K.L.:
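Once you've had a glance at the structure underneath, I'll fire off some questions.
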Amino acid sequence: MSGMNIGTLLVTGGCGFIGSNFVHMALRERPGWKIVNVDVLSYSGNPDNLRAVEGSPRYEFVRGDVADRALMDGLLRRCDAVVHFAAESHVDRSILDSGPFIHSNVLGTQVILDAVRAAGGARRMVHVSTDEVYGSLPLDRPEERFTEQTPMAPNSPYSASKAASDCLARAAHHTFGMDVVTTRCSNNFGPYQFPEKVIPLFVTNLIEGRKVPLYGDGRNVRDWIHVEDHCAGVLAALEKGRAGEVYNFGGDNERSNLELTMSILGLMGRGEEMIERVKDRPGHDLRYAIDSSKAQRELGWRATRSAWPAALDATVRWYRENEQWWRRVRSGAYREYYSQQYGG
Ligand code: DAU
């Protein structure tokens with residue numbers, strides 16, 4: 001699919017953390033493209049993230065739900081390809097109520113696939129998924145990593161909904177010959193991340209003088225990747241990925257939650273006394289680790305922005321310097337802004 005001609009790219013969920021970083025990158029690095037961003041603006045979609053490009057003739061925002069078939073039909077007819085980020089993403093929320101996850105992640109993906117097919121032509125779709133579909137790795141076999149061949153074994157309602165959407169994408173390629181590429185990435189960090197995820201939650205708590213709630217024994221391991229490395233991977237998958245294939249992206253940056261917490265405390269000039277040990281997350285996956293060699297081989301992709309301590313340090317600094325952003329996000333004030341701008 002390399003050499004694909006994109007005039008207009010549809011991005012779903014472009015007001016979220018990863019989606020908005022992708023929109024910024026695509027507008028910057030692909031000057032010939034126009035981006036249409038469809039986002040429902042639920043609790044975590046935030047138009048502030050894209051304020052800087054709002055006036056650009058190469059950017060258009062449409063408020064709407066990806067599960068709205070008529071809306072998606074209309075958008076797909078005037079776009080050449082789609083990158084599908086829109087999803088409910090927070091594991092703890094899915095444990096409390098999985099309904100919105102099934103709606104956005106499963107139904108939403110099915111509607112987009114159907115709309116892509118109905119629009120005809122060979123529109124490429126990148127389905128952005130997660131390493132959590134593979135389940136959990138043991139702590140005592142550090143050499144094991146998720147590859148694209150690892151069977152799916154989702155453990156939370158969130159990852160189950162993403163696995164279901166991955167199956168729909170796979171079936172669309174197999175049954176209808178659709179040009180779908182699926183990506184699965186490890187834990188992202190960087191600017192504009194909603195402060196329910198562990199890094200912005202801990203940093204913003206510490207700025208406010210509050211303790212950080214560490215789940216269980218803190219031994220769980222995540223493979224941290226900078227959001228811009230992830231976005232570069234999605235862009236590469238869009239332009240160079242093979243139809244029907246899955247590509248993993250990881251940061252080669254495994255840290256236990258305790259190690260992560262101590263690093264954040266160090267950067268913020270605080271000590272262990274700021275850790276509050278809290279009850280573990282039910283079904284808490286022990287370890288994620290990604291083998292990205294297929295993406296390196298086939299897409300020429302590398303994680304170049306994820307190395308710690310520099311990347312973590314820069315991220316912590318971003319939250320310290322953008323207090324207004326996360327305070328507005330926490331208070332939900334951006335929704336008032338949205339209503340004034342766009343109605344509804
Ligand atoms: O691996 C990719 C996934 O990473 C994405 O698919 C998910 O959408 C994203 O939410 C993330 O999932 P995690 O559950 O790993 O991320 P979270 O930031 O919620 O938690 C990271 C680790 O920190 C996890 O082991 C749980 C722990 N944690 C989290 C929170 C919110 C705490 O110890 N305390 C907390 O308050």
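Just follow the structure's listing: the first ligand is 1, and inside any ligand the first atom is 1. Just so we're clear, the structure is a prediction, and the values are computed from it rather than from any experiment.
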K.L.:
Polar contacts were defined as any N/O atom of the residue lying under 3.5 Å from an N/O atom of the ligand; does this apply to Ser186 and ligand 1?
P.N.:
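Not met; the criterion fails.
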K.L.:
Backbone N or O of Pro142 within a donor-acceptor pair of the Arg287 side chain at under 3.5 Å?
P.N.:
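Present.
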K.L.:
Which protein heavy atom lies closest to atom 34 (N) of ligand 1, and at what distance to 0.1 Å?
P.N.:
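Here the nearest protein heavy atom works out to Pro213 O, 2.7 Å.
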K.L.:
Counting non-hydrogen protein atoms only, what is the nearest one to atom 14 (O) of ligand 1? Give residue, atom name and distance.
P.N.:
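For this ligand atom, the closest protein heavy atom is Arg281 NH1, 2.6 Å.
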K.L.:
Looking only at distance, does Glu132 have an N or O less than 3.5 Å from an N or O of ligand 1?
P.N.:
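Such a contact does occur with ligand 1.
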K.L.:
Does Tyr158, backbone or side chain, put an N or O under 3.5 Å from an N or O of ligand 1?
P.N.:
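Yes, Tyr158 has an N/O under 3.5 Å of an N/O on ligand 1.
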K.L.:
Any nitrogen or oxygen of Lys197, main chain or side chain, under 3.5 Å from a nitrogen or oxygen of ligand 1?
P.N.:
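Yes, since at least one N or O of Lys197 sits under 3.5 Å from an N or O of ligand 1.
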K.L.:
Measure the acute angle between the ring planes of Phe249 and His230, then classify it against the limits of 30° and 60° as parallel, tilted or perpendicular.
P.N.:
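Plane angle between 30° and 60°, so tilted.
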K.L.:
Is it the case that atom CD in Gln324 sees more than 12 heavy atoms from other parts of the structure closer than 6.0 Å?
P.N.:
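No, not enclosed.
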K.L.:
Does Tyr288, backbone or side chain, put an N or O under 3.5 Å from an N or O of ligand 1?
P.N.:
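No, Tyr288 has no N/O under 3.5 Å of an N/O on ligand 1.
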K.L.:
Return the NE2 to OH distance between His284 and Tyr215, rounded to the nearest 0.5 Å.
P.N.:
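Answer for the NE2-OH pair, His284 versus Tyr215, is 8.0 Å.
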K.L.:
Could you find the nearest protein heavy atom to atom 27 (C) of ligand 1 and give me its residue, atom name and distance?
P.N.:
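Minimum-distance protein heavy atom for atom 27 (C) of ligand 1 reads Asn257 ND2, 3.4 Å.
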K.L.:
Is there a donor-acceptor pair under 3.5 Å between the side chain of Asp39 and the backbone N or O of Cys15?
P.N.:
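Side chain of Asp39 to backbone of Cys15, a donor-acceptor pair under 3.5 Å: yes, one is there.
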K.L.:
Report yes if Trp224 has an N/O atom closer than 3.5 Å to an N/O atom of ligand 1; otherwise report no.
P.N.:
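No, Trp224 has no N/O under 3.5 Å of an N/O on ligand 1.
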K.L.:
Please list the nearest protein heavy atom to atom 21 (C) of ligand 1 with its residue and the distance rounded to 0.1 Å.
P.N.:
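The closest heavy atom on the protein side is Val198 CG1, 3.7 Å.
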K.L.:
With nothing but distance in play, are any N or O atoms of Asn220 less than 3.5 Å from an N or O of ligand 1?
P.N.:
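No; the residue has no nitrogen or oxygen that sits under 3.5 Å from a nitrogen or oxygen of the ligand.
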K.L.:
Does an N or O from Leu201, backbone or side chain, lie closer than 3.5 Å to an N or O of ligand 1?
P.N.:
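In this structure, Leu201 places no N or O atom under 3.5 Å from an N or O of ligand 1.
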K.L.:
So, 4.0 Å and heavy atoms of Glu196: is ligand 1 close enough to count as a contact?
P.N.:
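A heavy atom of Glu196 does come that close to ligand 1.
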K.L.:
Taking all non-hydrogen atoms of both residues into account, name the closest pair between Arg145 and Ile290 and its distance.
P.N.:
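Between these two residues, the closest heavy atoms are NH1-O, 3.2 Å.
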K.L.:
Okay, side chain of Asn253, backbone of Ile225: is any donor-acceptor separation there less than 3.5 Å?
P.N.:
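The answer is no, because no donor-acceptor pair under 3.5 Å joins these two groups.
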K.L.:
Between Asp280, Ile199, Asn187, flag the one that comes closest to atom 11 (C) of ligand 1 by a heavy atom.
P.N.:
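Nearest heavy atom to atom 11 (C) of ligand 1 lies in Asn187.
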K.L.:
Looking at Tyr43, is Arg93 sitting on its ring face, NZ or CZ under 6.0 Å from the six-membered ring centre and within 45 degrees of the normal?
P.N.:
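Judged by the rule, Arg93 and Tyr43 form a cation-pi pair.
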